[in-house]
Q: 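Handing you a structure now.
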Amino acid sequence: MKDIATVSRTKEIVKKYNFSTKKSLGQNFLIDKNIIQEVLRKAEINDEIGVIEVGPGIGSLTEQLAKVAKKVVAFEIDDRLIPVLGDTLSAYNNIKIIHEDVLQADIEAVIEEEFSDVKEVIVVANLPYYVTTPILMNFLMYHKKITRFYTMMQKEVGERLSASPSSKSYGSLSIAIQYYTEAKVIQNVPKTVFMPPPNVDSIVVELVRHEHLPVKVDDEETFFKLTRGAFLMRRKTIYNNYQSLFVDGKKKKQDILDILEEADIDPKRRGESLSIEEYARIYGSFKNSNLQF
Ligand code: SAM
């Protein structure tokens, strides 16, 4: 039988189950085996690696993963796809489909139960574009055993993940992602490899978790609040943005100037010009201040 990631097989499956894709769930299925294999080659997946997939759809990527990885655990939210996957992937005994919203799932328990015998756990996915950021941040913040990510996403979002300071795409998401990982765009993906084709261009991003974090921050949520706060209005200075970020106190303006001075940051700079190290200095002086969100 032909692979799922082909035009003819995909059409056949969709017809057999009278399946109509839902835009609201970001359902764009891959119909090009070559592009999948290219990504899997770059990810150097082998039979000692366990893979978590988000959103298997009708199983196009899942099937290719199962051929090279030790085991694939895939989370699918759409109940209509569960019987379809039971059929399309029935030839593989190293795939487990979990019918659940990945954002609600107990990932730690899954890693413990399903991946006790693998050398590495990684994430590979053609992500539902409407939830790319929460999915990645959830994995990065709370599931530190996952070492690498190969994820297909909207081009514009992918460029933000890997952007450098002062570039057009650089923002608080770039900082959060690069705090945890080395981020790199590894492939451009044309619209024609999907059924139905999405409205936007796509890219594949590789995220490799840092062995040692680039800066020392003991409260990550607070650190991210400070970085997000610097971009509230992109054109404004960090000093002006921070006036909206903190609640009023007697000496709020002076306190903001003081933390910036202690961190050696010119208050006239914009958030987009600051590096992760500079944000870590702001975090350090904020902790010693009276300012509150
Ligand atoms: N992997 C398939 C492929 O490449 O052909 C399908 C990818 S499609 C872009 C995204 C998939 O994620 C859909 O199957 C959709 O139903 C599923 N999905 C959307 N939101 C989800 C969520 N919160 N948790 C798990 N799966 C989700």
Side-chain angles (χ1 to χ4, degrees), residues 2-14 17 19-40 43 45 51-69 72-89 92 95-107 110 114 122-139 142-143 146 149-158 187 189-205:
K2 266 198 167 171
D3 285 348
I4 303 167
T6 51
V7 180
S8 57
R9 184 86 197 283
T10 300
K11 278 190 174 158
E12 195 184 297
I13 295 165
V14 165
Y17 288 92
F19 187 82
S20 53
T21 51
K22 274 195 192 160
K23 236 186 171 168
S24 61
L25 290 178
Q27 291 176 340
N28 302 95
F29 300 147
L30 280 165
I31 49 169
D32 185 330
K33 196 169 97 176
N34 295 333
I35 207 129
I36 297 178
Q37 285 179 340
E38 184 86 358
V39 176
L40 302 197
I45 299 176
V51 179
I52 295 179
E53 187 192 358
V54 180
I58 59 170
S60 358
L61 172 59
T62 327
E63 177 178 51
Q64 302 304 322
L65 284 167
K67 289 183 190 178
V68 287
V72 187
V73 174
F75 292 93
E76 177 54 64
I77 198 171
D78 188 347
D79 39 349
R80 300 173 308 154
L81 287 168
I82 305 306
V84 181
L85 289 161
D87 175 10
T88 57
L89 300 173
Y92 301 89
I95 297 175
K96 177 162 183 168
I97 303 292
I98 301 182
H99 179 202
E100 202 173 9
D101 177 347
V102 71
L103 289 169
Q104 305 295 327
D106 186 347
I107 305 282
V110 168
E114 308 292 341
I122 71 172
V123 167
V124 182
N126 170 17
L127 288 174
Y129 292 178
Y130 75 107
V131 274
T132 301
T133 307
I135 289 175
L136 286 178
M137 286 310 295
N138 184 47
F139 277 126
Y142 305 115
H143 308 299
I146 302 170
F149 300 76
Y150 294 83
T151 48
M152 199 173 280
M153 63 188 74
Q154 187 177 336
K155 183 165 187 254
E156 195 203 354
V157 177
Q187 193 153 341
V189 184
K191 292 178 184 150
T192 48
V193 303
F194 300 97
M195 191 184 282
N199 297 325
V200 291
D201 287 325
S202 305
I203 49 182
V204 180
V205 176

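Ligands are counted one by one from 1 in listed order, and the atoms in each one are counted from 1 as well. Just so we're clear, the structure is a prediction, and the values are computed from it rather than from any experiment. Values below: all heavy atoms of this structure, side chains included; hydrogens, waters and symmetry mates excluded.
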Q: Taking atom types as modelled, is there a side-chain donor on Y129 or N28 under 3.5 Å from an acceptor on the other?
A: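 No.
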Q: Return the protein residues near ligand 1 (heavy atom under 4.0 Å from any of its atoms), ordered by chain and residue number.
A: L25, G26, Q27, N28, F29, L30, E53, G55, P56, G57, S60, F75, E76, I77, D78, L81, E100, D101, V102, N126, L127, P128, Y130
Q: So does K11 have more than 12 non-hydrogen atoms from other groups sitting under 6.0 Å from NZ?
A: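 Counting other residues, nucleotides and ligands, NZ of K11 stays at 12 neighbours or fewer.
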Q: Measure the shortest side-chain to side-chain distance between D78 and F19 over non-hydrogen atoms and say whether it is less than 4.5 angstrom.
A: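 Result yes, sub-4.5 Å side-chain heavy-atom pair found.
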Q: Walk me through whether D79 and H99 qualify under side chain to side chain contact (heavy atoms under 4.5 Å, CB included).
A: CA-CA 7 Å; D79 39 349; H99 179 202; 3.3 Å; yes
Q: Side chains of F29 and N126: closer than 4.5 Å at any heavy-atom pair?
A: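 Side chain of F29 against side chain of N126, heavy atoms only: no contact under 4.5 Å found.
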Q: Could you check whether atom NZ of K67 has more than 12 heavy atoms from other residues, nucleotides or ligands sitting under 6.0 Å from it?
A: yes
